[in-house]
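Following: one structure in C-alpha cells, then a few remarks.
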Amino acid sequence: MGACGVRKLFLSDDILMRIEKPARYTGGELNMVKKEPSDVAVRFCMCFPDVYEIGMSHLGIQILYAMFNSFEDTYCERVYCPWPDLDQIMREMDIPLFSLETQTPIREFDFLGITLQYEMCYTNILQVLDLSGIPLMSTERTWDDPIVVAGGPCTYNPEPVADFFDMFYIGEGEVSFRQLLDVYKEAREQKLSREEFLRLASRVPGIYVPSLYEVTYKADGTIDSMTPLFTYVPEKVVKQVETDLDHTYYPEKPLVPFIRATQDRVVLEIQRGCIRGCRFCQAGMIYRPIRPRSLDYLKYLAIQMLDSTGYEEMTLSSLSSSDYEQLEGLVTFLLEQGEKYHCNIALPSLRIDAFSLDVMSKVQDVKKSSLTFAPEAGSQRMRNVINKNLTEEDILHGATEAFHGGWNRVKLYFMLGLPGETNSDIAAIAELSNTIAATYFDEIPKEERHGRPEITASTSFFVPKPFTPFQWSPMGTAEYFESKRRFLRDTFREQLNHKSLRYICHDAVTSELEGIFARGDRRLAPVIREAYERGCIFDAWTDWFKPDVWNEVLDDCGVDRTFYNYRERGEDEVFPWDFIDAGVTKSFLRREYERSQEGVTTPNCREKCSGCGAAAYRCGVCVDRS
C-alpha cells in the first residue's frame, strides 16, 4: 500500500542500537492500521505524553484510534514521548519527532491530539511540541503547523496549559470529533485562515478554543470574569457524553505492542461512570451518569478482541466493577470460554463484599494473587466525610470472607490530608490494618493457615480536584504530608500485629505540584514553560522528577503556593473551570461540600437521585430510575 508497503524506519539502525527498547519507536505492531496517506483528507496523530509502555495501555487512545481509522477520509497514527536517551540524540542530531505508523514527521499532520491524563505530564507536552518543530505557543502557529487539540480528564481544568493548545475537546470523543473533522475539511477547501477555522470550531459542541476568551482578575488574584470575544462563541462549553455504549466505537482489534506495556492485556470497558459519589473522586463526578454496556455486546466484544490479539488476560474495566449489574453473567460466560482462550480475568475496582469475593474466587488462583480494596480513610468519621458509604463492619466482614476463601494477602488504599482529618483519623489507618490482620488469626484455624497474613496499606496524598465537592478545600503542605506520613509509619510499628503489616507512601512534593496545576489558571503556563526549559520532563517518574528545579521555578515565577493550594476557596469564587458545563452543577457540588463538613453521607444514584444535574443527558441510571 504505497508508503506502508515497505516501511522505512525514521531512525537508523545505529541509533536504534544505542537506545533502550528500540521497539518503542518502530511501529508495525499487530493490528496497526495501514492506509495510504495520499488517499485521505485528514491526517490525525494521536499522542499520549508519556513513554510508549504507558501510552499503549491507555484505553481512550485505543478507542479513538479505532474510531478515526473507521472514517474513510481520515488516517490516525500515533506518537509517544521519546525516553530521555533518544530525546538527547534527537536534539543533538536535529531529528524531528515522527509517527509510528508511517514514520512521518509530526509537523506534517493536520491534527496533533494529546491526551491529558495527569498534571505531572505537562512538561512532556512541551517536549512533544518542541521535538516536532511546532511552536510552543498557539498564537505563534500557522497553517504549516498541525491543529493541536487536547482531550482527557485534565481538560476539565485546561487553563494551566491553555496557551499551548489551539483547542480542547471536553467530554467523550465519540460524540463530536466527526463534526470537527468536517468543519476542518470545509475550512481548508474554502481556503479560510487558521483563525477563521478556530472560530468555526468553537461552535462544535464540546470544543473549547482558549484564544477566543478573555480572562480578567480581581485584586486578590481570583478570577473576575471569563468572557467570549465573539457573540457566537459559547459562554459555557458543554461536556459531550456518549449515551448509547452499545452502538458506538470500540477497538475489536486493539493494538498489541511488541514490548510489554504497563497494562499488557485486553481491556473490556463494561460501563462508564459511577453511582457512588465519593467526594474526593473527580472521575466519579465528570463521567456521570453511569452507563453500562449490555451483556450481549460485551460477550461479542470479548470474543472479537481475544481472537484478534492472542492475549491470555482480560481486564473488566470500570470505576466500580461491582456495580455492573450483569457482572456475574459476564464472568460466567468468560470462564466458559476458558478452555479455548486460556484467558485469565482481572477485576479491578471491586467493593469488599460477599458478591465480589464470590466472583473473584471464580477467576483468580488464590494462591498467587492478593485482593485490593480502597477504604480511603481509616476512621468511620472520615469515611462519612468523603461519602465512602463503607462501614468498618463491611470491611471486616469482607476480610473474613476473603480469608475463608483462601486469600491471605490484602492491599488497602488510603489517603492522607483529607479535609478535616485529625491524628486519630490517621492513626485509624494503622489500627484498621491491624484489626484486619487480627481477624485472620481469629477466623482461620492454625492448621489451615498459609503463614502470616500480608496486609499492605498504601497512602497517597489528597489533591482537591475540579468538579468535586472538595474543589473548595485547602490542601495540605508538603511539610504537613511528610509529618503525617512519619506519624502513621510510627503508628504502624506500634500495632500488635505489626509483623503482618506493611506501609508504603507516595511522594509529597509531587502531590503539592499536582495540586497547583489541578486548580490553577492561565498564569501558570509560563511556569510550565520555564520548568521545561530548565530540563524538567517525565515529572511523573520519580527518577526524573527534579523537585529542586521546580521549587526554584515556582519561586522565580512568583507562584503563591498559599493562593493555589493552601487556602479554602470562597463559596462564590469564580473558578478557572467554571466555563465548563460538566453535567454536575456547582450548586450540587457545594451542597455536597457542606454535607461533608457535617459528616452526612449521600445515597448512591441507584438508591436515590441526589439531583446532581447529570439527568440532563437523559441516559444511564438517570433514565433507569425514572
Side-chain angles (χ1 to χ4, degrees), residues 20-21 23-25 27 29-32 46-67 78-81 83 100 114-118 120-121 124 151-154 172-173 245 249-272 274 283 287 293 298 301-322 324 327 330-331 334 341-350 359-360 363-365 368-374 411 413 458 460 506 538 540-542:
E20 182 183 334
K21 299 182 181 178
R24 289 168 169 163
Y25 314 105
E29 303 101 326
L30 179 66
N31 296 329
M32 185 189 86
M46 193 70 67
C47 171
F48 193 92
D50 207 322
V51 73
Y52 175 90
E53 297 95 302
I54 302 293
M56 280 293 286
S57 301
H58 187 254
L59 177 62
I61 285 185
Q62 292 263 14
I63 290 173
L64 293 178
Y65 184 81
M67 181 185 79
R78 293 162 296 131
V79 68
Y80 305 101
C81 287
W83 194 241
L100 295 186
I114 301 178
T115 297
L116 302 185
Q117 191 71 21
Y118 180 38
M120 299 309 294
C121 289
N124 281 28
C154 290
E172 295 171 356
L245 293 182
Y249 301 95
Y250 202 82
E252 296 181 14
K253 296 182 178 182
L255 290 153
V256 181
F258 285 135
I259 58 176
R260 181 176 291 277
T262 307
Q263 300 291 329
D264 198 32
R265 57 184 73 94
V266 166
V267 179
L268 183 64
E269 183 188 47
I270 60 179
Q271 61 187 3
R272 289 184 190 170
C274 184
Y287 297 135
R293 299 186 192 271
L298 290 174
L301 283 177
I303 297 303
Q304 294 300 310
M305 290 192 292
L306 290 171
D307 278 338
S308 66
T309 63
Y311 274 122
E312 293 185 344
E313 185 166 6
M314 174 176 287
T315 290
L316 305 186
S317 174
S318 166
L319 291 175
S320 180
S321 302
S322 304
Y324 179 64
L327 183 62
L330 179 60
V331 169
L334 293 174
Y341 294 104
H342 308 288
C343 183
N344 296 320
I345 303 167
L347 279 163
S349 309
L350 284 174
V359 172
M360 287 289 285
V363 302
Q364 280 198 354
D365 180 344
K368 295 181 180 178
S369 62
S370 61
L371 285 178
T372 301
F373 299 108
K411 295 179 182 177
Y413 286 108
S458 173
S460 59
H506 292 200
F538 288 101
W541 294 74
T542 304

* Start with the C-alpha gap between Phe373 and Leu371, add the side-chain angles, then the distance that decides, and say whether side chain to side chain contact (heavy atoms under 4.5 Å, CB included) holds. => CA-CA 7 Å; Phe373 299 108; Leu371 285 178; 3.6 Å; yes
* Structure fact -> For Cys154 and Gln117 the tightest heavy-atom approach is SG-C, 3.8 Å
* To do: Might you point out which heavy atoms bring Leu255 and Met32 nearest each other, and give the distance in Å?
  => CD2-CA, 3.4 Å
* Before giving the answer on salt bridge (Lys or Arg N to Asp or Glu O under 4.0 Å), spell out for Glu53 and Arg260 the whole-Å C-alpha distance, their side-chain angles and the decisive distance to 0.1 Å. => CA-CA 7 Å; Glu53 297 95 302; Arg260 181 176 291 277; over 6 Å; no
* After noting the C-alpha distance and the side-chain angles of Tyr311 and Asp264, does the key distance pass the side chain to side chain contact (heavy atoms under 4.5 Å, CB included) rule? -> CA-CA 8 Å; Tyr311 274 122; Asp264 198 32; 3.4 Å; yes
* Using the ring of Tyr80 (Phe, Tyr or Trp, six-membered ring only), decide whether Arg24 places NZ or CZ under 6.0 Å from its centre and within 45 degrees of its axis. => no
* Compare all side-chain heavy atoms of Met56 with those of Arg78 and state whether any distance is below 4.5 angstrom. => yes
* In Å, rounded to the nearest 0.5 Å, how long is the span from OG1 of Thr542 to NE2 of His506? -> 9.5 Å
* Asked: Taking the side chain as C-beta and beyond, is there a heavy-atom pair between Phe538 and Asp50 under 4.5 Å?
  -> yes
* Asked: Do Ile61 and Leu59 have side-chain heavy atoms sitting under 4.5 Å apart?
  -> no
* To do: State the CD-OH distance between Gln62 and Tyr250, to the nearest 0.5 angstrom.
  => 8.5 Å
* Structure fact -> Interatomic distance, SG@Cys121 vs CG@Leu116, rounded to 0.5 Å, equals 9.0 Å
* **Donor-acceptor contact below 3.5 Å, side chain Asn124 vs main chain Pro49** => yes
* Given side chains that start at C-beta, do those of Phe48 and Ile114 come closer than 4.5 Å, heavy atoms only? -> no
* Asked: Hey, does Ile63 have a side-chain heavy atom less than 4.5 Å from the side chain of Glu269?
  -> yes
* **Stepwise side chain to side chain contact (heavy atoms under 4.5 Å, CB included) test for Leu316 and Ile345** => CA-CA 7 Å; Leu316 305 186; Ile345 303 167; 4.0 Å; yes
* Heavy-atom side-chain proximity of Thr315 to Leu268 below 4.5 angstrom -> no
* Asked: Between Gln271 and Ser318, is a side chain to side chain donor-acceptor pair (under 3.5 Å) present by the stated rule, with each step listed?
  -> CA-CA 6 Å; Gln271 61 187 3; Ser318 166; 3.0 Å; yes
* Using a strict 4.0 Å threshold on nitrogen-to-oxygen distance, state whether Glu312 and Arg265 make a salt bridge. => no
* Minimum-distance pair of heavy atoms, taken over all atoms of Leu327 and Ser322 -> CD2-CA, 4.3 Å
* Asked: Are any side-chain N or O atoms of Tyr118 and backbone N or O atoms of Pro153, one a donor and one an acceptor, separated by less than 3.5 Å?
  -> no
* Structure fact -> Correct closest heavy-atom pair for Met305 and Val267 would be CE-O, 3.7 Å
* How far does CG of Leu301 sit from CE of Met314, to the nearest 0.5 angstrom? -> 8.5 Å
* Any donor-acceptor N or O pair under 3.5 Å, side chains Tyr341, Asp307 -> yes
* How long is the gap from CG on Leu64 to CD on Glu172, to the nearest 0.5 Å? -> 10.5 Å
* Asked: Between the side chain of Ser57 and the main-chain N/O of Thr262, is any donor-acceptor distance below 3.5 Å?
  -> yes
* Passes side chain to side chain contact (heavy atoms under 4.5 Å, CB included), Asn31 versus Ser308? Steps please. -> CA-CA 8 Å; Asn31 296 329; Ser308 66; 4.2 Å; yes
* To do: Would you mind reporting whether Thr309 and Pro254 have side-chain heavy atoms less than 4.5 Å apart?
  => yes
* To do: For Ser321 and Pro348, indicate whether the former's side chain and the latter's backbone hold a donor-acceptor pair under 3.5 Å.
  => yes
* Asked: Which class fits the ring pair Trp541 and Trp83: parallel under 30°, tilted 30 to 60°, perpendicular over 60°?
  -> perpendicular
* Can you find a pair of side-chain heavy atoms, one from Arg293 and one from Leu298, that are under 4.5 Å apart? -> yes
* Heavy-atom closest contact (Phe258 atom, Ala23 atom, distance) -> CB-CB, 4.2 Å
